[in-house]
Q: 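Before anything else, here's the structure in question.
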Amino acid sequence: MKSLILSALLTLSAAPVLACETVTLGDLNIEHAWSRATIGADRPGVFYVEITNNGSTDDALIGIATPAAGMPMLHETVVTDGVASMPHAMSIPVPAGESVELAPGGYHGMLMGLTATLAEGDSFPVTLSFQKSGEVVVNVEVLSLRAEGPDCDDAN
Amino acid sequence: MRLTRLQKILWAAAGLATLVYGLLVLLPNRTPEAVPQADFRPTFSLPDAEGRMRTPAEFAGQHLLVFFGFTNCPDVCPTTLSEVAQVMDDLGDDAALVQPLFISIDPERDRRLGLAEFTAAFHPSIIGLAGDEAQTRAAADSFRIFYAREGDTAAPDGYTMSHSPALYLISPEGDWLRQFTYGTPATDILADLQPRL
Ligand SMILES: [Cu+2]
């Protein structure tokens, strides 16, 4: 019965966009997992996500893994004195009670060595590794090359 | 209040740190992007994806929106090019008065990976230019922008590029008008551009 209600709810909710799903891992809420379409597989892809720590213990994102890329890595775009570069991020802090965004122009997952072209509408799994909370798999939705983020109605 | 020896050392260290920080703040930036009045003339002589040489002369009468970047850049470059694409869409009939240019600062690899398909994926109006090292450096110098190749064993081909991520607006007469810093929304660029056309 419970699952019936749940499936009914899922069917009723408008526009079930993958990037708008929320995945929970302990005190962590993980949502808005998305990527941009690529032109072929020779250039790196990108991975963005938003993580909220509702707990009272600081955590950190320390790694990503995915079958979509041979060499996924955490990066941070930094603009210093008007020059942009993207050094590796050894770990991305997710402090207690705060949200951290992997978003254009900041932290991002750099998906090097793509195994296939990422086409708009595709999705692929990414395993997130946290220092304290462990691992969780999120489904990443591939949006258009021109996308700046998923269009989620977070009010519902 | 009596300070222990350790406390004295800590206070001295804090004082020194403040001094060093102050000096760093006062030192000039390593790039002159914030030049308020342009006393320089941006120019370029670079081949497009088909190998045809392009110079500002052929765009006389059009405003130029110029972005320096590289196609192996999945984070910063798509953001700016998406905004340029949005501006071109929103300009409507005035789009003919504006020519967006993507100048590769990683020309050899970008030509190999495909320059035209990259720019076209964002907007058909964007012209991609990729010259040799000397032509690229000359163009960047004339725009007073910075770019550098940075060794990175983890990166594809063992290197990545750092670069000025701003968007530059050049007048129909070829004068430097202004820059839009990285992250300027398309609506702001459009609002600045429309009264000029
Ligand atoms: Cu990166």
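Chain letters run A, B, ... following the sequence lines, proteins first and then strands; every chain starts at 1. This one's a predicted model, so the numbers in the text were calculated from it and none came from an experiment. Because only heavy atoms are used, hydrogens play no part in the values below, and waters and symmetry mates are left out as well, while side chains stay in.
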Q: Measure across A:Ile39 and B:Phe118 and return the closest heavy-atom pair with its distance rounded to 0.1 Å.
A: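 Scanning both residues completely, I find the closest heavy atoms to be CD1-CA, 3.5 Å.
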Q: Give, as side chain, backbone, both or neither, the part of A:Ala103 having an atom under 4.5 angstrom from any heavy atom of chain B.
A: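 Contact with chain B is through the backbone of A:Ala103 alone.
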Q: At a 4.5 Å cut-off on heavy atoms, which part of B:Thr160 comes close to chain A: side chain, backbone, both, or neither?
A: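 The side chain, not the backbone.
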Q: With rounding to the nearest 0.5 Å, note down the distance linking OH in B:Tyr182 to OG1 in A:Thr77.
A: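 Nearest 0.5 Å value for the OH-OG1 distance: 6.5 Å.
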Q: Has the side chain of A:Asp42 got a donor or acceptor atom that lies under 3.5 Å from a matching backbone atom of B:Leu113?
A: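 Between the backbone of B:Leu113 and the side chain of A:Asp42 there is no qualifying donor-acceptor contact (under 3.5 Å).
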Q: Taking B:Met161, B:Arg109, B:His123, B:Gln86 one by one, which has the highest count of heavy-atom pairs under 4.5 Å against chain A?
A: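 That would be B:Gln86.
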Q: So which heavy atom on B:Ala154 is nearest to which on A:His88, and how close?
A: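 The answer is CB-CE1, 3.7 Å.
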Q: Decide if atom CG of A:Asp151 counts as having more than 12 heavy atoms of other residues, nucleotides or ligands within a radius under 6.0 Å.
A: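 Open.
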Q: Working to the nearest 0.5 Å, report the span between CZ of A:Arg43 and CG of B:Asn72.
A: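 A:Arg43 atom CZ to B:Asn72 atom CG measures 7.0 Å (nearest 0.5 Å).
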Q: If hydrophobic clusters are built by linking Ile, Leu, Val, Met, Phe, Trp and Tyr wherever their side-chain heavy atoms come under 4.5 Å apart, do A:Leu111 and A:Val49 end up in the same one?
A: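 They do share one cluster, since a chain of ILVMFWY contacts under 4.5 Å joins A:Leu111 to A:Val49.
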Q: So do A:Glu148 and B:Thr79 actually touch side chain to side chain, heavy atoms under 4.5 Å?
A: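 Yes, side chains in contact.
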Q: Applying a strict under-4.5 Å side-chain criterion to I, L, V, M, F, W and Y, I'd like to know whether A:Val140 and A:Leu145 cluster together.
A: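 In one cluster with A:Val140: A:Leu145, no.
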Q: Using a strict threshold of under 4.0 Å (side-chain N to carboxylate O), is an ion pair present between B:Asp89 and A:Arg146?
A: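 A salt bridge links A:Arg146 with B:Asp89.
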Q: Is atom CD of B:Glu108 surrounded by more than 12 heavy atoms (other residues, nucleotides or ligands) closer than 6.0 Å?
A: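 No.
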Q: Dump the intermediate steps for side chain to side chain contact (heavy atoms under 4.5 Å, CB included) on A:Tyr48 and B:Asp75, then the final yes or no.
A: CA-CA 10 Å; A:Tyr48 300 117; B:Asp75 184 46; 2.4 Å; yes
Q: Examine A:Leu128 and A:Met73 and state if one hydrophobic cluster contains both, with Ile, Leu, Val, Met, Phe, Trp and Tyr joined whenever side-chain heavy atoms are less than 4.5 Å apart.
A: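 No, A:Leu128 and A:Met73 fall in different hydrophobic clusters.
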Q: With rounding to the nearest 0.5 Å, note down the distance linking CG in B:Asp152 to CE in A:Met112.
A: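 So the CG of B:Asp152 and the CE of A:Met112 are separated by 7.0 Å.
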Q: Is B:Tyr147 close to chain A through its backbone or its side chain, or both, or neither, when contacts mean heavy atoms under 4.5 Å?
A: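 Nothing of B:Tyr147, per the 4.5 Å heavy-atom cut-off to chain A.
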Q: Do A:Tyr107 and A:Ile62 land in one hydrophobic cluster if side-chain heavy atoms of ILVMFWY residues count as linked below 4.5 Å?
A: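 Unlinked, A:Tyr107 and A:Ile62 end up in two clusters.
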Q: Looking at B:Pro74, is its backbone amide N or carbonyl O close enough to the side chain of A:Arg36 to form a donor-acceptor pair, meaning the two atoms are under 3.5 Å apart?
A: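 Looks like yes, one N/O pair under 3.5 Å.
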Q: Out of A:Pro104, A:Ser85, A:Gly40, A:Gly45, return the one with the most heavy atom pairs under 4.5 angstrom to chain B.
A: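 Maximum pair count with chain B is reached by A:Pro104.
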Q: For a quick test of reading the model, state the closest non-hydrogen atom pair linking A:Ala84 to B:Pro165 and the distance between them.
A: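 Smallest heavy-atom distance, with atoms named: CB-CG, 3.7 Å.
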Q: If I compare all heavy atoms of A:Pro44 with all of B:Pro156, which pair ends up nearest, and what's the gap?
A: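 Nearest pair, atom of A:Pro44 first, then B:Pro156: CG-CG, 4.2 Å.
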Q: Should A:Val79 and A:Ile92 be counted in the same cluster of Ile, Leu, Val, Met, Phe, Trp and Tyr side chains packed under 4.5 Å apart?
A: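 No, A:Val79 and A:Ile92 fall in different hydrophobic clusters.
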